[in-house]
Amino acid sequence: MTSTATPVRQQHRLYEVDLLRFAAALMVVLLHFTFSQGQLEHDFAPALGAVTQYGYLGVELFFLISGMVVLMSVWGRTTREFVASRISRLYPAFWVAVTLTAATVAIARPPGRNDVTAAQYVANLSMFPQLADIEYVESVYWTLWSEWRFYLILFAFSLLGITERRTHWLLWGWLTTSVALQVLPVPPAAHAALALIVQPQFSHYFIAGMALYLVHRFGFTARLGLLLLACYANAVKETGSRIDERVADGQAPILVVAALVILAIFIVMTLAATGGLRWMRWPVLSELGAMTYPLYLIHFTLGVVAFNAVVPAVHPWLALPLVIAAMCGASWLISAKVEDRVRPALHLAIRRLLRVPPRRMPQQTASTARAADQATAGRT
């Protein structure tokens, strides 16, 4: 008898998500180069600012993508496999970026930047300098702290055992807790402790991304659609505080426009999860996806120094795309020459250290995956 089970689509690389990840990085790059707070020798804000001021939403897109692909990464893996994959994925490029930024600051002494001390440099290599009350060498690294707190939730979830049913409970519970922290009079100490893990300002993006992975793996359902709508509503509600941050930096984003951009992000990601963008699955896009993380890490300080170095000889409007292209080239080199060489060795070393057993092949159909989930969950 022929099976009518729906194939599990997570086996195929989503090249369109690589393109979206790169687009998110470019949004942030253009924002920082347009609103450099006087660090660039030319002010692009009067001409580009009305559009690029919404580039901060590239971070929100990053978080939504992260929710989707990191849940995809941990699904069917052990907790130790997850830890090994995250460390080997994030640290090699980060170590290079910290070193390049510290060296650039020491040599070029860009305006508005303090020297990077030896203690600050070493603390940054850990990726958690704030635990020692030390600043990041680059302000954009703050998103990594949010990412690791998201990983902590998935770490705990993987210890319990990830199933479709449990994931629904986690997502609704996480979103409910986030909203409660936003609207209820929680005592300050308790609020601070819970917010550290729950991240009510950004949780809806991680939750929506995880929901979209369920859509991708098991298919779209009314319950997942309702969850996505709730996440979008909370995202719009919380974007007001993000706009206040942008105003403090000299920008003037409009709430309605920001809400529309967020809506576009949700729609495009939903299309990616449901196969609506499968026509964009070009293998070359994996190169863009690979260079995105290094680009995000190195673009600001190195880009500012490069721009100021060439702008006396090159018109600013020509220097801008040239510098962005140079940052992309440097990011590709970090990806191809550092990450591709260091990551496998680091991953293998961590797997051995954690005594990770060989990985089994994933289930082949949505129905069999759901059946396995139910068998694991029992009455949970």
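Keep in mind that the numbers below use all heavy atoms, side chains included, and drop hydrogens, waters and symmetry copies.
Heavy atoms of other residues, nucleotides or ligands lying less than 6.0 angstrom from CG of D115 number more than 12. Residue-environment remark: CD (E135) stays at or below the threshold of 12 foreign heavy atoms within 6.0 Å.
Proximity of F62 to S66: side-chain heavy atoms (C-beta onward) are nowhere separated by under 4.5 Å. Between L31 and Q251 there is a side-chain heavy-atom pair separated by less than 4.5 Å. At a threshold of 4.5 Å between non-hydrogen side-chain atoms, the residues V338 and R343 do not count as touching. A 4.5 Å side-chain heavy-atom check between V215 and T270 finds every atom pair outside the cut-off.
Within the 6.0 Å centre-distance limit, the rings of W148 and F128 are counted as a close aromatic pair.
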W142 and F202: ring pair (Phe, Tyr, Trp, His ring centres under 6.0 Å), yes or no, with the steps? CA-CA 13 Å; W142 72 267; F202 300 111; 5.6 Å; yes

Steps toward salt bridge (charged side-chain N to carboxylate O under 4.0 Å, His left out) verdict (R278, E16): CA-CA 7 Å; R278 64 169 60 93; E16 58 269 45; over 6 Å; no

Checking R351 against E81 for the salt bridge (charged side-chain N to carboxylate O under 4.0 Å, His left out) test, could you report, in this order, the C-alpha distance in whole Å, the side-chain angles of both residues, the deciding distance, and whether it holds? CA-CA 7 Å; R351 287 178 65 94; E81 285 180 309; 3.8 Å; yes

Applying ring pair (Phe, Tyr, Trp, His ring centres under 6.0 Å), run through Y205 and F63 and close with a yes or a no. CA-CA 6 Å; Y205 295 109; F63 288 158; 7.2 Å; no

For salt bridge (charged side-chain N to carboxylate O under 4.0 Å, His left out), just list the numbers for R86 and E147, CA-CA rounded to whole Å, side-chain angles, deciding distance to a tenth of an Å, and then say yes or no. CA-CA 10 Å; R86 289 299 88 198; E147 287 283 346; over 6 Å; no

Applying salt bridge (charged side-chain N to carboxylate O under 4.0 Å, His left out) to R113 and E138, what does each step give before you reach the verdict? CA-CA 10 Å; R113 291 298 304 269; E138 191 72 278; 3.6 Å; yes

Only pairs under 3.5 Å count here: list side-chain donor-acceptor contacts from residues 316-334, not counting sequence neighbours, and write none if there are none.
unit_1 : atom_1 : unit_2 : atom_2 : d
S331   : OG     : L295   : N      : 3.1
S331   : OG     : M327   : O      : 2.7
W332   : NE1    : E287   : OE1    : 3.0

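A distance of 10.5 Å separates OH of Y121 from OG1 of T101, quoted to the nearest 0.5 Å. Atom CD1 of I207 and atom OG1 of T167 lie 12.5 Å apart (nearest 0.5 Å). In this structure, CD1 on I153 lies 12.0 Å from OG on S158, to the nearest 0.5 angstrom. With rounding to the nearest 0.5 Å, the separation of CG in L297 from CG in L144 is 6.0 Å.
A continuous path of ILVMFWY side-chain contacts below 4.5 Å connects V183 to L181, so both sit in one hydrophobic cluster. In the hydrophobic clustering of this structure, V74 groups with I197; members are Ile, Leu, Val, Met, Phe, Trp, Tyr whose side-chain heavy atoms approach within less than 4.5 Å, directly or through other members. The hydrophobic cluster containing Y151 does not contain L353, counting ILVMFWY residues as joined when their side-chain heavy atoms lie under 4.5 angstrom apart, directly or transitively.
Although no hydrogens or angles enter the test, the distance criterion places a donor-acceptor pair under 3.5 Å between the side chain of T163 and the main chain of R166. A distance-only check finds a donor-acceptor pair linking the side chain of H216 to the backbone of A273 [under 3.5 Å]. With N308 contributing its side chain and G303 its backbone, the two residues share no donor-acceptor pair below 3.5 Å. Under the 3.5 Å distance criterion, the side-chain polar atoms of R109 are left unmatched by any main-chain donor or acceptor of V105. Formation of a donor-acceptor pair under 3.5 Å by the T176 side chain with backbone atoms of W172 is found in this model. Side-chain N or O atoms of Y54 include one that pairs as donor or acceptor with a backbone N or O of I254 at under 3.5 Å. Of the possible donor and acceptor atoms, one in the side chain of T221 sits under 3.5 Å from a partner among the backbone N and O of L224. Of the possible polar contacts, one joining the N124 side chain to the Q120 backbone as a donor-acceptor pair under 3.5 Å is found. The backbone N or O of M127 lies less than 3.5 Å from a partner atom in the side chain of Y136, making a donor-acceptor pair. The main-chain N or O of Q201 is found under 3.5 Å from a side-chain atom of H204 such that the two form a donor-acceptor pair.
Considering F300, F44, F33 in turn, F44 is the only one that fulfils the ring pair (Phe, Tyr, Trp, His ring centres under 6.0 Å) rule with F307.
A perpendicular orientation is assigned to the rings of Y91 and F94, their planes being inclined by more than 60° (bins at 30° and 60°).
In plain terms, the two heavy atoms of I350 and S88 that are nearest each other are CD1-N, 4.3 Å. When every heavy atom of A208 is checked against every heavy atom of L228, the shortest pair comes out as O-CD2, 3.7 Å. For the residue pair L277 and V268, the shortest heavy atom distance occurs at CD1-O, 3.8 Å. For A24 against G58, the heavy-atom pair with the smallest separation is CB-O, 3.5 Å. Heavy atoms only, all atoms of each residue included: P294 and A290 are closest at CD-O, 3.5 Å. Listed here is the closest heavy atom pair of A25 and T292: CB-CG2, 3.7 Å.
A donor-acceptor pair shorter than 3.5 Å cannot be found between the side chains of Y56 and E245. Side-chain contact of Y293 with S335: a donor-acceptor pair under 3.5 Å is absent, judged by distance alone.
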